[in-house]
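Heads up: the structure comes next, in structure tokens.
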Amino acid sequence: MINSSNFQLKIQEAPLMEPQLAELERLQTRILNRISKLELSLSTQNNNNNNNLSACDGGDTTEARLSTILRSNGVKDFAFKKVSSDYYDWPLESRRDVLGAASIDHLCKSIVLVNTQAPSNITDCSDCNNSKYYIVVVQYTARFNAETVKNYLYALNDGKIAKKRFNLRLAPEETSMKLTGYGHNAVTCIGMKTNIPVILDEAILRLNPDFFWLGGGEIDLKLGIRTSEFIDFAKPFIVSCSGT
């Protein structure tokens, strides 16, 4: 038997629940929307962080930094090559092969020289014609001749500076590191800390093909570059300063 009083009560309660349920649904929808927006925001931040991390990983390397410098100065024909840590224990023929160089004559090095007889007022590289330091690019197969550089600089200054004031010697390793920012067997003319005047041995211009290799800023990183583009970039003094 149905209790009419109870039945009536339930009929009256039902309409009262509908507005409450509707309000709960609205609150639930708002909460879900906020959660979705929060998730989207966190996802965007994570993507940005990952992009920034990738940029740092790729942009802070020596290869990336030097590539940027070269490209921004119009150099297009160049390549970097990673080599083994024992690269300098290998014969020149093995180095040629791993780099894909045309010959062992295409393997070059950059050495920092100091003028030990420069006047006391010559302490930096502000005067390219009469600098305290120079960086010379020569072939591994050639023998550097400092006397020819001495004669070249004497003539470059029209004989106004006594020849005895030019005495080019290999700079101490710590001096080279301080000036270039690169350690032993890693020195390159690209991206140096100091704008050291560059001397390019004339023999390198006669290489065929005209694409040579030199240090790339790290001991296990080498840089190959088109000779003409290197000259346009580094604007070196071209001196016949080696023999065989």
query: Between Tyr88 (side chain) and Asn185 (backbone), is there a donor-acceptor pair under 3.5 Å?
result: yes

query: With side chains defined as the heavy atoms from C-beta onward, is the minimum distance between Ile190 and Phe233 less than 4.5 Å?
result: yes

All side chain to side chain donor-acceptor pair (under 3.5 Å) counterparts of Ser84, not counting sequence neighbours: Asp86

field: Shared hydrophobic cluster, Ile104 / Leu214 (ILVMFWY, side-chain heavy atoms < 4.5 Å)
entry: no

message: Against the six-membered ring of Tyr140, is Arg96 placed for a cation-pi contact (under 6.0 Å from the centre, within 45° of the normal)?
response: no

task: Give the C-alpha distance, both sets of side-chain angles, the deciding distance and a yes or no for side-chain contact (heavy atoms from CB on, under 4.5 Å) between Asn130 and Ile161.
output: CA-CA 9 Å; Asn130 186 23; Ile161 301 173; 3.3 Å; yes

- request: May I ask you to test the Ser131-Asn115 pair for a side-chain heavy-atom distance under 4.5 Å?
  value: no

query: Atom NZ of Lys132 and atom OG1 of Thr123: how far apart are they, to the nearest 0.5 Å?
result: 8.0 Å

- prompt: Can any side-chain N or O of Asp210 pair as donor or acceptor with the backbone N or O of Thr227 at less than 3.5 Å?
  reply: no

message: Check for me, please, whether Val187 and Ile69 land in the same ILVMFWY cluster - side-chain distances under 4.5 Å, paths through other members count.
response: yes

- prompt: In Å and rounded to the nearest 0.5 Å, what is the CG to OH distance from Leu221 to Tyr182?
  reply: 10.0 Å

- request: Flag this pair as yes if the NZ/CZ of Lys163 is under 6.0 angstrom from the six-membered ring centre of Tyr154 and inside a 45 degree cone about the axis; otherwise no.
  value: yes

- request: Would you check if the side chain of Glu202 reaches a backbone N or O of Val239 as a donor-acceptor pair within less than 3.5 Å?
  value: no

- line: The reported gap from CD in Glu218 to CD in Glu63 (rounded to nearest 0.5 angstrom) is 8.5 Å

message: For Ile135 and Ile111: C-alpha separation, side-chain torsions, deciding distance, then whether side-chain contact (heavy atoms from CB on, under 4.5 Å) applies.
response: CA-CA 5 Å; Ile135 185 165; Ile111 54 178; over 6 Å; no

- prompt: Taking a hydrophobic cluster as the set of Ile, Leu, Val, Met, Phe, Trp and Tyr residues connected by side-chain heavy atoms closer than 4.5 Å, whether directly or through intermediates, do Ile225 and Val136 fall within one such cluster?
  reply: no

query: Is the NZ or CZ atom of Arg226 positioned over Phe78's six-membered ring, under 6.0 angstrom from the centre and within 45° of the axis?
result: no

- prompt: To the nearest 0.5 Å, how far apart are SG in Cys241 and CZ in Phe144?
  reply: 5.5 Å

With sequence neighbours excluded, residues passing side chain to side chain donor-acceptor pair (under 3.5 Å) with Glu229: none

task: Answer yes when Arg65 and Asp60 have at least one side-chain N-carboxylate O distance shorter than 4.0 Å, and no when they do not.
output: no

- request: Begin from the C-alpha positions of Leu207 and Asp105 and carry the test side-chain contact (heavy atoms from CB on, under 4.5 Å) through to its verdict.
  value: CA-CA 8 Å; Leu207 291 173; Asp105 293 328; 3.8 Å; yes

query: Any idea how Phe212 and Phe230 line up, ring-wise: parallel (<30°), tilted (30 to 60°), or perpendicular (>60°)?
result: perpendicular

field: Any donor-acceptor N/O pair, His106 side chain to Pro209 backbone, under 3.5 Å
entry: yes

- request: Output yes when a side-chain donor or acceptor of Asp127 lies under 3.5 Å from a complementary backbone atom of Asn129, and no otherwise.
  value: yes

Intermediate values then yes/no, side-chain contact (heavy atoms from CB on, under 4.5 Å), Ser85 and Ile219: CA-CA 7 Å; Ser85 58; Ile219 192 170; over 6 Å; no

message: Is it the case that the side chain of Thr194 and the backbone of Leu179 share a donor-acceptor pair, with hydrogens and angles ignored and the cut-off at 3.5 Å?
response: yes

- prompt: Backbone N or O of Ala171 within a donor-acceptor pair of the Thr175 side chain at under 3.5 Å?
  reply: no

- request: Please examine the side chains of Ser67 and Phe80, heavy atoms only from C-beta on, and report whether any two atoms are closer than 4.5 Å.
  value: yes

query: Roughly how far apart are Leu113 CG and Ser176 OG, rounded to 0.5 Å?
result: 9.5 Å

message: We want to know whether Asp201 and Ser242 form a side-chain donor-acceptor pair, criterion being a heavy-atom distance below 3.5 angstrom.
response: yes

task: Tell me, yes or no, whether the heavy-atom count around Asp232 atom CG, taken from other residues, nucleotides or ligands under 6.0 Å, exceeds 12.
output: yes

Atom pair CG (Leu99) and CZ (Arg95), whose distance is rounded to the nearest 0.5 Å: 9.5 Å

- prompt: So does Asp220 pair up with Lys82, basic N to acidic O under 4.0 Å?
  reply: yes

query: Any donor and acceptor pair, going by atom type alone, linking the side chain of Ser94 with main-chain N or O of Trp90 inside 3.5 Å?
result: no

query: Same cluster or not: are Leu223 and Leu205 linked, directly or through other Ile, Leu, Val, Met, Phe, Trp or Tyr residues, by side-chain heavy atoms under 4.5 angstrom apart?
result: yes

task: Give a yes or no answer on whether the side chain of Thr148 reaches the backbone of Asn145 with a donor-acceptor pair at less than 3.5 Å.
output: yes

Cluster check Ile204, Leu107: I/L/V/M/F/W/Y, side chain < 4.5 angstrom: no

message: Looking at Asn157 and Leu153, would you say the former's side chain and the latter's main chain have a donor-acceptor pair under 3.5 Å?
response: yes

